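Residues: numbered from 1 along the sequence shown. The structure displayed is predicted, hence computed values, not measured ones.
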Amino acid sequence: YEQMHRAFARGLAFEREMVAEFRADAALPVVQRRWLKGFTRPRIEVHVGVSKPNVPGIRFADVLVIEEQPSAGPAPHVETFSFKSRFLAPLKPASLREQIAMDARSAADYYGGTLDILRPSLRSRVQVQRVYLVYEGGNLIPQDLGTMGAAVDFVQRRVKGVEVLVQ
C-alpha cells in the first residue's frame, strides 16, 4: 500500500508542477511560451469532466486549455494534456514502446476529437486540436535517453493525434 501511495502522491505532485508551469507559461508573451504557443489568451482548466458524443462514460482531462479570445472561426482552440508519472526506467525497449503506445491511444481516445465539456462554466461541444501526453522524466525514464527518444518517435509515427513529451 505504501508503494502505491507514494506513486500516487508523486503523480499528483507532478501534475501540480505542470499546472503551475502552464500558468506561468500563459503569463508570458506568445513568442516566449513553451507550452501554449498556439493560444492568445489561454484558459487553463484542471480535472475537467468530458465525454465523447455517443460514447458512454465520463473522463477527466488532467488539463484542458481553451482559448478565451473570440476566434475567427465557429469554435474555440482547445488542447488537452494527460500527465503520466510512470516508472519506465526498467522497461526493455519493446515494453517501453508498448506502454507509451497504450498511454497514447488512451489519451487520443479519451481526450481527442470531439468532446462534450461537462463543467457548467464551460459546457459546450468542442473539437480538440491537439492532445499531449507528458511523462515525468528524471529517474523515472531510461537513463539512456536514446532509448526513450526512440520509443517516443516510434509511438508518434503509429498513434496519430497525440504528441508525446518528456518533462
The reported gap from CZ in Arg97 to CG in Asp153 (rounded to nearest 0.5 angstrom) is 11.5 Å

For residues Thr114 and Gln127, report the shortest heavy-atom separation together with the two atoms involved. OG1-OE1, 2.7 Å

Within 6.0 Å of CZ in Phe8, more than 12 heavy atoms from elsewhere: no

Please check: side-chain N/O of Tyr110 versus main-chain N/O of Ser51, any donor-acceptor pairing under 3.5 Å? no

Report, as yes or no, whether the 6.0 Å neighbourhood of atom CD on Gln32 holds more than 12 heavy atoms from other residues, nucleotides or ligands. yes

If we ignore hydrogens and angles and just use 3.5 Å, is the side chain of Arg119 paired with the main-chain N or O of Leu122 as donor and acceptor? no

Sidechain-backbone polar pair: Arg125 side chain, Pro53 backbone, donor-acceptor under 3.5 Å: no

Quick one: does Lys37's side chain have a donor or acceptor within less than 3.5 Å of a partner on Arg34's backbone? no

If we ignore hydrogens and angles and just use 3.5 Å, is the side chain of Arg123 paired with the main-chain N or O of Leu118 as donor and acceptor? yes

Search all heavy atoms of Glu67 against all heavy atoms of Thr40 and return the closest pair with its distance. OE1-N, 2.6 Å

With under 30° as parallel and over 60° as perpendicular, where do the rings of Tyr132 and Phe81 fit, or are they tilted in between? parallel

Within the 3.5 Å criterion, strictly below it, is a donor on Gln167 or Glu17 matched to an acceptor on the partner's side chain? no

Judged by atom type as modelled, is there a donor-acceptor pair below 3.5 Å linking the side chain of Lys84 to the main-chain atoms of Ile100? no

So if I apply the side chain to side chain contact (heavy atoms under 4.5 Å, CB included) rule between Val164 and each of Val134, Asp103, Val152, Val159, which one comes out positive? Val152

